[in-house]
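Positions are given from 1, in the same order as the sequence printed here.
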Amino acid sequence: MNWAITGTGAVASIGQNADEVFDALCAGRSGRAPLRGFDGRAFRAAHAYEIDDRPADGTDVPSRATAWLLRAVAEALRDAGLDEDLSGTPVIVGTGLRELRSVELKWCEDADFDLGGLHFGTALRERFGATWTYTISNACSASLHALAMGSDLLTAGTAEAVVVAGVDAITASMFGLLDRVQLDPPDRVRPFDQNRRGTLMGDGAAAVVLTRADHPAARPARGRLRAASMNCDASHPTAPDPAGIAQAIRLAHEQAGIKADDVDLILLHGTGTTLNDEAEATALCDVFGSGIGRPLMTAVKSMTGHTSGGSGLLGLIVAARALAAGRVPPTIALDTPAGLAGQFRFATGPTPPEESERLRIAQVDAFGFGGVNAVAIVEGVAA
């Protein structure tokens with residue numbers, strides 16, 4: 001597998017496009033802020049990583065996730081040098097919650113929202129003429145599962161180009177669920193830190209255009225997708241299984257034709273919860289063995305919050321740009337790595353020149369409820 005990543009688009013709490021998001025991450029800037037989207041008096045946690053694009057009076061409005069999705073797709077198409085006619089191009093969207101926040105607003109606040117808007121395909125058809133759309137809802141690994149599906153379409157010769165996207169918006173119901181299961185409510189996301197207390201949600205959307213290397217209309221690649229593996233270990237409804245994660249990582253390496261020692265950078269899933277961080281650390285130590293200290297690692301949820309279904313694809317975009325630019329975002333709020341993560345070599349500041357020069361292959365992790373695991377391998381191209 002060797003598909004060109006010819007266009008990228010993103011929006012998150014820290015930036016309105018892919019350039020802004022990447023620059024903010026490299027600067028170590030966090031999108032954490034007091035909760036604004038709904039009345040926080042019912043919750044113990046008081047912060048989130050929200051996209052602040054509501055009306056001036058702060059009132060929440062429906063269809064914001066759809067709007068971010070359309071923005072990210074449009075940006076990715078422009079970046080790829082393609083027009084916005086997607087009538088013959090597959091569009092695959094990964095999400096955890098779709099427009100659940102809009103449903104909450106409709107039923108709780110009588111907001112004007114047509115339930116047909118739950119389906120992203122409707123808006124994609126109206127904006128881009130897209131008639132070939134899929135929505136994948138595979139929890140927090142959804143957008144990398146969508147990536148794998150898009151790769152399969154290229155492999156099968158079904159399409160010359162595909163658009164892959166991921167999006168999720170913070171919902172009151174999901175925020176409340178996390179608030180109840182995290183006994184000591186976190187005030188920020190601190191992946192792999194000894195004093196982590198759990199995760200907080202973040203808004204976000206990301207999109208990429210994948211093409212064959214010889215696609216006549218696309219611009220030069222921002223990176224190359226070497227593998228997109230996925231599995232479902234079904235070990236537990238919510239708790240991650242290190243063995244299933246390790247299997248997904250090994251499968252990605254096998255698909256890419258690389259060994260663990262070839263990986264220079266890892267975009268960690270890093271949710272800041274004890275179970276997830278420990279499972280990911282255990283799996284990585286299993287796969288990388290004595291070489292676990294070689295790859296540089298970073299966990300960007302420390303700045304974006306947990307962007308759920310879109311998080312994997314956001315990590316892919318960051319990985320491709322980091323390889324091209326020789327700049328790796330730091331993991332912020334990390335004081336003392338916990339347990340096996342003490343063996344990791346975290347990015348904590350500006351990337352030294354000697355480190356920048358050797359960044360060639362990146363691994364992107366995304367793991368979700370139910371044991372739906374996904375791992376992507378990206379190869380860099382010169383900026």
Would you find a donor on one side and an acceptor on the other, under 3.5 Å apart, between the side chain of [X] and the backbone of [Y]?
X: S143; Y: G309; result: yes
X: D261; Y: K259; result: no
X: S302; Y: V189; result: no
X: T199; Y: T271; result: yes
X: E75; Y: A10; result: yes
X: E160; Y: T211; result: no
X: E109; Y: L105; result: no
X: D168; Y: L97; result: yes
X: N17; Y: E20; result: yes
X: S102; Y: S63; result: yes

Side chains of [X] and [Y]: closer than 4.5 Å at any heavy-atom pair?
X: T8; Y: F22; result: no
X: I5; Y: L316; result: yes
X: D286; Y: R250; result: yes
X: L25; Y: T304; result: yes
X: H145; Y: I92; result: no
X: D203; Y: R64; result: yes
X: R54; Y: R36; result: yes
X: M303; Y: R29; result: no

Side chains of [X] and [Y]: do they bring a donor and an acceptor to under 3.5 Å?
X: N231; Y: Q247; value: yes
X: T66; Y: E99; value: yes
X: S151; Y: W3; value: yes
X: E104; Y: S173; value: yes
X: N195; Y: D335; value: no
X: D233; Y: S235; value: no
X: N276; Y: T273; value: yes
X: R44; Y: Q182; value: no

Return the [atom1] to [atom2] distance between [X] and [Y], rounded to the nearest 0.5 Å.
X: L265; Y: L323; atom1: CG; atom2: CG; value: 6.0 Å
X: R327; Y: C26; atom1: CZ; atom2: SG; value: 4.0 Å
X: L144; Y: N138; atom1: CG; atom2: CG; value: 11.0 Å
X: R188; Y: H47; atom1: CZ; atom2: NE2; value: 7.5 Å
X: R226; Y: D262; atom1: CZ; atom2: CG; value: 8.5 Å
X: D60; Y: C108; atom1: CG; atom2: SG; value: 11.5 Å

Do you know the tightest heavy-atom contact between [X] and [Y]?
X: S137; Y: G96; value: OG-O, 3.4 Å
X: I245; Y: A283; value: CG2-CB, 3.4 Å
X: V375; Y: A252; value: CG1-CB, 3.7 Å
X: P62; Y: F113; value: CB-CD1, 3.9 Å
X: Q194; Y: A338; value: CA-CB, 3.7 Å
X: G272; Y: D277; value: N-OD1, 3.2 Å

R294, Q363, R360 screened by side chain to side chain donor-acceptor pair (under 3.5 Å) with D264, the one that passes: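 For D264, the side chain to side chain donor-acceptor pair (under 3.5 Å) check succeeds only for R294.
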Residues K106, D112: salt bridge by 4.0 Å N-O rule: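 Salt bridge: no.
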Please lay out, stage by stage, how L296 and F346 fare under the test side-chain contact (heavy atoms from CB on, under 4.5 Å). CA-CA 6 Å; L296 196 59; F346 286 100; over 6 Å; no
Is [Y] reachable from [X] through a run of hydrophobic residues whose side-chain heavy atoms are each under 4.5 Å from the next?
X: L70; Y: L100; result: no
X: L340; Y: I266; result: no
X: L154; Y: V164; result: yes
X: V328; Y: I361; result: no
X: I170; Y: I14; result: no

Which label fits F175 and F38: parallel for a plane angle under 30°, tilted from 30 to 60°, or perpendicular past 60°?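 If you compare the ring of F175 with that of F38, the planes turn out perpendicular.
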Where do W68 and I51 land on the side-chain contact (heavy atoms from CB on, under 4.5 Å) test, with the steps shown first? CA-CA 10 Å; W68 304 330; I51 295 173; 3.6 Å; yes
Testing L267, L268, V263 one by one against M297 for a side-chain contact (heavy atoms from CB on, under 4.5 Å), which residue passes?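 Looking at L267, L268, V263, the match for M297 under the side-chain contact (heavy atoms from CB on, under 4.5 Å) is L268.
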Flag if over 12 foreign heavy atoms under 6.0 Å of CG, D110: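 Open: at most 12 neighbouring heavy atoms sit under 6.0 Å from CG of D110.
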So does E254 have more than 12 non-hydrogen atoms from other groups sitting under 6.0 Å from CD?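 No - once you tally the heavy atoms of other residues, nucleotides and ligands closer than 6.0 Å, there are 12 at most.
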Evaluation steps, side-chain contact (heavy atoms from CB on, under 4.5 Å), between F192 and E280: CA-CA 10 Å; F192 299 98; E280 186 172 15; 3.5 Å; yes
Taking it one step at a time, do F288 and H253 satisfy ring-ring contact (aromatic ring centres under 6.0 Å, His included)? CA-CA 11 Å; F288 285 80; H253 293 176; 5.8 Å; yes
Would you check, one step at a time, whether the test side-chain contact (heavy atoms from CB on, under 4.5 Å) holds for M149 with M230? CA-CA 10 Å; M149 183 175 175; M230 56 182 179; 5.7 Å; no
